[in-house]
Student: 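My questions all concern the structure below.
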Number of protein chains: 2
Amino acid sequence: MVNHDQCMNLDPVFELIGKKWTGLIIHALLKESKRFSELHTTIPSLNARMLSERLKELEEKGIARRTVYPTTPVRIEYGLTEKGKALEPALLELSKWADDWIHE
Amino acid sequence: MVNHDQCMNLDPVFELIGKKWTGLIIHALLKESKRFSELHTTIPSLNARMLSERLKELEEKGIARRTVYPTTPVRIEYGLTEKGKALEPALLELSKWADDWIHE
DNA sequence: CAGTATCCTTCCGGATACTG
DNA sequence: CAGTATCCGGAAGGATACTG
């Protein structure tokens, strides 16, 4: 569809992680796996429907993983796959850039 | 509005560069300044209205700069500011991640 | 060449209410 | 707790035609 150009690989990246909240969710999961409600309180301004939708997308993209622990009551945790964890350096660079250049 | 949290600085970043085409445009300008039509042919699937809109946004954010050379005919070039150029490491990391993890 | 104007459809995402 | 269903307004963005 598009020419082979070495810069073209950036477009899919932003389609994967450019949506609202996605970066925040990934960042929150980088440190450790979290339950739905933990994510919910970590990012208070993000409502449940959005969170659910984003998590489902991240699962489909192979970035996040949903694990069910059959305890009583069940414990459901979201964590990152290798692919997801591999985003850390990039997010770190973005974060650094924000520190340097975004002053409110 | 939201709690002070060290991860919160990622949200504005994606608001700045998360929109469709933005990453591609910045990447294209990293190597060298380009004219409108050059950008247009570099990213063929991006139409003129979008390109114009994104460039205007990037200017407002202080990431790109529009320079008019009063030659005949006038030559208009778009380049990156220091702030824009500072995004290179982050884009590189994202690009690396794409190479490693996005196989069609 | 370097855009702008207009139209029009799809997608996004917030609020709210409900479920096992 | 961990979500899903539904509704709905507004923004995003593609196509096309036009301008100095």
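Note on naming: letters A, B, ... go to the chains in the order of the sequence lines (proteins, then strands), and numbering restarts at 1 for each one.
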Student: Apply side-chain hydrogen bond (donor to acceptor under 3.5 Å, both in side chains) to B:Lys19 and list each qualifying residue two or more places apart in sequence or on a separate chain.
Tutor: B:Glu57

Student: For A:Arg49, enumerate each residue passing the side chain to side chain contact (heavy atoms under 4.5 Å, CB included) test, keeping only those at least two apart in sequence or located in another chain.
Tutor: A:Asn47, A:Glu53

Student: Identify the two heavy atoms, one from A:Leu10 and one from B:Gly23, that lie closest to each other, and give their separation to 0.1 Å.
Tutor: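 Minimum heavy-atom separation between A:Leu10 and B:Gly23: CD1-O, 4.2 Å.
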
Student: Would you indicate, yes or no, if D:dA12 has its OP1 or OP2 atom less than 4.0 angstrom from a side-chain nitrogen or oxygen of B:Lys20?
Tutor: no

Student: What residues, two or more places apart in sequence or in another chain, satisfy salt bridge (charged side-chain N to carboxylate O under 4.0 Å, His left out) together with B:Lys96?
Tutor: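 By the salt bridge (charged side-chain N to carboxylate O under 4.0 Å, His left out) rule, B:Lys96 matches B:Glu93.
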
Student: Would you write out the dot-bracket form of DNA chain C, 5' to 3', with Watson-Crick and G-U pairs under 3.5 Å, [ ] for crossing pairs, | for pairs to other strands and . for unpaired bases?
Tutor: ||||||||||||||||||||

Student: Considering only distance and modelled atom types, tabulate donor-acceptor pairs under 3.5 Å from the side chains of residues 80-89 of chain B, sequence neighbours left out.
Tutor:
unit_1  : atom_1 : unit_2  : atom_2 : d
B:Thr81 : OG1    : B:Gly62 : O      : 2.6
B:Thr81 : OG1    : B:Ile63 : O      : 3.1
B:Thr81 : OG1    : B:Lys83 : N      : 3.3
B:Thr81 : OG1    : B:Gly84 : N      : 3.2
B:Lys83 : NZ     : B:Lys61 : O      : 2.8

Student: Applying side-chain hydrogen bond (donor to acceptor under 3.5 Å, both in side chains), name anything that partners A:Arg66, two or more places apart in sequence or on another chain.
Tutor: A:Tyr78

Student: With sequence neighbours excluded, what pairs up with B:Ser52 under the side chain to side chain contact (heavy atoms under 4.5 Å, CB included) test?
Tutor: B:Phe36, B:Lys56

Student: CG of A:Leu46 versus P of D:dG3: gap in Å, rounded?
Tutor: 13 Å

Student: Report the residues that fulfil side chain to side chain contact (heavy atoms under 4.5 Å, CB included) with A:Thr72, sequence neighbours left out, ordered by chain and then residue number.
Tutor: none

Student: Where along residues 51-78 of chain A does a heavy atom come under 4.0 Å from DNA chain D, residue by residue in number order?
Tutor: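 Output list: A:Ser52, A:Lys56, A:Arg66, A:Ile76, A:Tyr78.
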
Student: Can you name the residues that form a side-chain hydrogen bond (donor to acceptor under 3.5 Å, both in side chains) with A:Asp100, not counting sequence neighbours?
Tutor: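 Applying side-chain hydrogen bond (donor to acceptor under 3.5 Å, both in side chains) to A:Asp100 gives none.
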
Student: Residues in salt bridge (charged side-chain N to carboxylate O under 4.0 Å, His left out) with B:Glu15, at least two apart?
Tutor: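 Here no residue qualifies.
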
Student: Please list, for nucleotides 15-20 of chain C, all pairs of protein and nucleotide N/O atoms separated by less than 3.5 Å.
Tutor:
unit_1 : atom_1 : unit_2  : atom_2 : d
C:dA15 : N6     : A:Arg49 : NE     : 3.2

Student: Quickly work out the B:Met50 CE to C:dA5 P distance and round it to whole Å.
Tutor: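 The distance from CE of B:Met50 to P of C:dA5 comes to 14 Å, rounded to the nearest Å.
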
